[in-house]
Amino acid sequence: MFKALCTVKYAVPDLAAAKAWYTKASGVEPYFDEPFYVGFNVGGWELGLDPDLTAVTNGPGGAVAYWGVEDVDAAVRHLTGLGATVVDPPQEVGGGIVVATLTDPWGNLVGVIKNPHFTR
């Protein structure tokens with residue numbers, strides 16, 4: 001049975017560049033930093049970067065992980081300033097929930113969400 005989101009892993013062809021980008025994007029330094037994987041602890045959940053593209057390639061794969069933020073518009077400005085591209089601009093989807101979807105510089109989908117129904 002699922003308890004909570006634990007890890008989001010993105011496939012990245014350039015681990016050093018992705019590590020630098022996600023450090024700036026998240027404001028968090030990696031807690032695990034090896035040539036085969038970089039892991040960040042973002043609010044108690046893991047953001048993982050994997051340079052091994054043999055099993056999973058970078059880019060959209062049909063799933064989007066949404067990272068909780070205080071201000072979706074500000075998060076979109078921050079991420080696009082770092083080179084992300086907006087796929088779906090900020091929109092209220094009901095119940096006061098605001099979401100947006102972007103791609104990182106490697107084509108992976110990155111969602112941001114402000115959900116007043118959750119405290120995390």
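This structure is a prediction, so every number in the text was calculated from the model and none was measured.
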- Item | ILVMFWY network linking V87 to I113, side-chain heavy atoms under 4.5 angstrom | yes
- Query: Is there a path of hydrophobic side-chain contacts, each under 4.5 Å between heavy atoms of I, L, V, M, F, W or Y residues, that connects V86 with V112?
  - Reply: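 Per the 4.5 Å side-chain linkage, V86 and V112 are co-clustered.
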- More than 12 heavy atoms of other groups within 6.0 Å of E70 CD: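 Count not over threshold, so no.
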- Query: Counting only N and O atoms by type, is there a donor-acceptor contact under 3.5 Å from the side chain of H117 to the main-chain atoms of G96?
  - Reply: no
- Would you confirm whether H78, through its side chain, and K24, through its main-chain N or O, come within 3.5 Å as a donor-acceptor pair?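 Yes, because the side chain of H78 sits within donor-acceptor range (under 3.5 Å) of the backbone of K24.
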- Task: With sequence neighbours excluded, tell me which residues meet side chain to side chain contact (heavy atoms under 4.5 Å, CB included) with E46.
- Result: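 T7, Y31, Y37.
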For the residue pair [X] and [Y], what are the closest heavy atoms and their distance?
| X | Y | result |
| --- | --- | --- |
| P51 | P35 | CG-O, 3.5 Å |
| P89 | A100 | C-CB, 4.0 Å |
| V64 | V110 | CG1-C, 4.2 Å |
| E34 | L15 | O-CD2, 3.6 Å |

For the residue pair [X] and [Y], establish whether any side-chain heavy-atom pair is separated by less than 4.5 Å.
| X | Y | result |
| --- | --- | --- |
| P30 | T23 | yes |
| V72 | V69 | yes |
| V12 | N108 | yes |
| L49 | W21 | no |
| N58 | P13 | yes |

- Task: Take T101 and Y66, measure what side chain to side chain contact (heavy atoms under 4.5 Å, CB included) needs, and give me the verdict at the end.
- Result: CA-CA 8 Å; T101 307; Y66 287 88; 3.2 Å; yes
- Apply side chain to side chain contact (heavy atoms under 4.5 Å, CB included) to L102 and T80, showing your working. CA-CA 8 Å; L102 305 94; T80 56; 3.8 Å; yes
- Item | Straight-line distance of D50 CG to Y10 OH, nearest 0.5 Å |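 Taking CG in D50 and OH in Y10, the distance rounds to 13.5 Å.
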- Item | Distance, nearest 0.5 Å, that separates CG of N41 from CD of E29 | 13.0 Å
- Would you please test W45 and V8 for side chain to side chain contact (heavy atoms under 4.5 Å, CB included) and show each step? CA-CA 8 Å; W45 291 283; V8 174; over 6 Å; no
- Worked check of salt bridge (charged side-chain N to carboxylate O under 4.0 Å, His left out) between D71 and K114: CA-CA 7 Å; D71 181 330; K114 168 123 175 103; over 6 Å; no
- Query: After noting the C-alpha distance and the side-chain angles of V98 and Q91, does the key distance pass the side chain to side chain contact (heavy atoms under 4.5 Å, CB included) rule?
  - Reply: CA-CA 5 Å; V98 180; Q91 58 186 312; over 6 Å; no
- Task: Measure up the F40 and Y22 rings against each other and bin them: parallel (under 30°), tilted (30 to 60°), perpendicular (over 60°).
- Result: tilted
